[in-house]
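Here the structure is laid out as structure tokens; the discussion comes afterwards.
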4 protein chains.
Amino acid sequence: MTQPNQERRSDRARSAILAAALDLCREQGLARTTMEEIAKKAQVGKQTIYRWWPSKAAVLLEAVNELAGRATDFPDTGDLYADLHTQMTGVATLLSSPRLSPYLSLIGAAQDDPDVAKSFLDAIILPRVQAARERLRRAQEQGQLRADVDLEDVVELLYGPFYYRALIRTRPVTLAQVDDVLELVRRGLNPPAPVG
Amino acid sequence: MTQPNQERRSDRARSAILAAALDLCREQGLARTTMEEIAKKAQVGKQTIYRWWPSKAAVLLEAVNELAGRATDFPDTGDLYADLHTQMTGVATLLSSPRLSPYLSLIGAAQDDPDVAKSFLDAIILPRVQAARERLRRAQEQGQLRADVDLEDVVELLYGPFYYRALIRTRPVTLAQVDDVLELVRRGLNPPAPVG
Amino acid sequence: MTQPNQERRSDRARSAILAAALDLCREQGLARTTMEEIAKKAQVGKQTIYRWWPSKAAVLLEAVNELAGRATDFPDTGDLYADLHTQMTGVATLLSSPRLSPYLSLIGAAQDDPDVAKSFLDAIILPRVQAARERLRRAQEQGQLRADVDLEDVVELLYGPFYYRALIRTRPVTLAQVDDVLELVRRGLNPPAPVG
Amino acid sequence: MTQPNQERRSDRARSAILAAALDLCREQGLARTTMEEIAKKAQVGKQTIYRWWPSKAAVLLEAVNELAGRATDFPDTGDLYADLHTQMTGVATLLSSPRLSPYLSLIGAAQDDPDVAKSFLDAIILPRVQAARERLRRAQEQGQLRADVDLEDVVELLYGPFYYRALIRTRPVTLAQVDDVLELVRRGLNPPAPVG
DNA sequence: ACCTAAACGAGACGGTACGTCGCGTCTTCGC
DNA sequence: GCGAAGACGCGACGTACCGTCTCGTTTAGGT
């Protein structure tokens, strides 16, 4: 992520820092997590953190990204809604898991720090959005999805409700939400046309 | 939110604090805004802030709530989608305005501070969600909305995409988004059934 | 010694800082004494030290000066050598006392820091040298001292040997040294002229 | 001062370190001179310094001692005061030269560090004091110096004034000081006995 | 119109964390 | 096996803010 000699870098320090940062952020949130605590818990000098990351948010970004890993990959079985169900279940699982509360803290930090926002978007969001759009495009070609919709709008419609619950906290993200959202989104809000 | 004698309270100090907090938060975000700056800019002793608010987030909550005011009230003309369009346009305007960037900062701060989250929810979100549900309920009774949907799900579906864009920043909130969301949400994603 | 509002200054903090600095410097020398230790031992925030003094040496200078106080004042009984004996005994006592080891540390620090050197000279040395010169001048007028000597040279001759022992440490300063120096200095090194 | 295999030692490294240390100490004093600067300036790994010296003071001690070299040797022409004049002129030259400011820094460092004090005394001071005492003893035997004086007292009387000026800095060491001190010290402070 | 108690502007205080510097050690190459 | 290079764990630096705590100084009701 930066400058000094990558080859001499201590793996032990790196993973201890990522683990400590995650733990502390889970316990007390990102704002109350300090570099000093991370260093102490990871048995590491503060300089070693600053040498490789510009901020605690950057540390957590790397840690969270490693955690999220392949858990949110997009399958393609040919059945769009089955695939969406699978993938969105992964997303809902992560967003509802206390293990990933640092993910929400990062989004919080991004509101006040353009650097964090940029890194978060580039490293975490955009690759997944891109994958989602491609899956949707294929579905469109196969007639499983209206041809006249903007795919990015669809992505926002599908995932917006999860982020809404996770960040605004009117109620918690659940796995049941996946069915609810998919059902609503497929059929739309209009009442069925009257028979006859 | 208080204790001392409200009647002796200085209006001048109160509004200077709210204004200073808003300005500073707009310029540098909530995280980089300090009590000392607010006090200095408002020509106020720090104690005067701490006397009436528990934290800078609380100050901003009050300031933001005053700003948002009636701008997001729900009309009821009898036409659900016209009313939704009106109200969501208000929301989109606020979420896309730099003047209300502190609103997003507050949501950010809420991720790490349960007190902020609670106050934000109670003072800002829940009243508006409640109003939205009531409007939707009336529409349901009038057959303008499927009868078999959970109204809170609908609220999340309608507003999630705006918060998604505002907080994740894949692209900015725009007024055009109101039409896009409403159109998608009314018809659903399924392709039209083939004729005959 | 500096800028903020002197009237609001906490006496408790000031004397606790001076005492802590003296203690720590006596135990471990000035170089190994840290601002952090001083603050901790004095139950004081570091900022409170930096608010009133520019460096740990400045703290010690004030502390030492307060300690030395009137102990090195010059008497004038009319008998030069009796007065010198009295005053030099005071000096020898201080230079040989572990309580004033910070005095030597200060001289040490002055070798590398012009600010310390200047303050030390102005606050501690010059007033005493001035008093000594005046006493010597009066003695010169009364014929108790050669008229053709530079008084500053005399001061250096009288006190140099004490600082030499204290700083170079070939052997410790003692009270007996007062007699030795005075005796040597009065008579000179030349052997007595042969009787004849 | 060492341990590893002296024979494999790099002369290039050794002299580069000594030169760099001297230069840096002359520019900024010993306290502000760091091992890292010395290593960088000498194009040397830090370990190479720590391998051969225990501290930066030890490096400078060796460097200074090499500089002082034979410049302060004691001659013996048979004329005590001529020889003193010669030798003290050497001392005054060194003490007044900016090239040897590290010498004073060392004395400063010795005030807070017993190891430095010990090494300084053993390597630099004691041999020269010993030489001085021997020269003075011979002079005593030859009747050029009072028989009833302690020779170490005499050494302190002769050199104290130079160290006083050098370390306390009331005024700078000069070559003229040699004459002044010798003159005073030979004749003493007492006024001449009245004739008759 | 005066009195008095409160809220006020100001800012020093005891602290915690910041991001940086330098320490002395350790590790990895190349000669 | 010494030397150049530099990452490491660590501790202190001097600064920025925290939230609390006096200080006078307004300022408003109550008399």
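Worth saying up front: this structure is predicted, and the values here are computed from it rather than measured. Below, read A as the first sequence line, B as the second, and so on, with proteins coming before strands; counting in each chain starts at 1.
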Over how many whole Å does the gap from B/I49 atom CD1 to F/dT20 atom C1' extend? 14 Å

Would you give a per-nucleotide map of nucleotides 8-16 of chain E, 5' to 3', where B means the base has a protein non-hydrogen atom under 4.0 Å away, S means only the sugar-phosphate does, and - means neither? BBB-SBBB-

If you draw the axis of the six-membered ring of C/W52, does the NZ or CZ of C/R9 fall within 45° of it and under 6.0 Å from the ring centre? yes

Distance check needed: E/dC21 P versus D/R32 CZ, whole Å only. 16 Å

Without placing hydrogens or testing angles, list every side-chain donor-acceptor pair under 3.5 Å for residues 16-25 of chain A, not counting sequence neighbours.
{"residue": "A/D23", "atom": "OD1", "partner": "A/R26", "partner atom": "NH2", "Å": "3.4"}

Expressed as a whole number of angstroms, how long is the span from D/E37:CD to E/dT20:C1'? 15 Å

Whole-Å gap separating P (E/dA5) and CD (B/Q6): 22 Å

Only counting residues at least two apart or in another chain, list the ones meeting side chain to side chain donor-acceptor pair (under 3.5 Å) with C/Q28. C/E37

Going by salt bridge (Lys or Arg N to Asp or Glu O under 4.0 Å), name the residues that satisfy it together with C/R12, two or more places apart in sequence or in a different chain. none

In whole angstrom, give the distance that lies between atom CD1 of D/I38 and atom C1' of E/dG22. 12 Å

Atom-pair distance (CH2 on B/W53; C1' on F/dC18), nearest Å: 18 Å

Please identify each residue that fulfils side chain to side chain donor-acceptor pair (under 3.5 Å) with B/E27, with sequence neighbours left out. none

Could you list the residues that satisfy salt bridge (Lys or Arg N to Asp or Glu O under 4.0 Å) with A/R169, not counting sequence neighbours? none

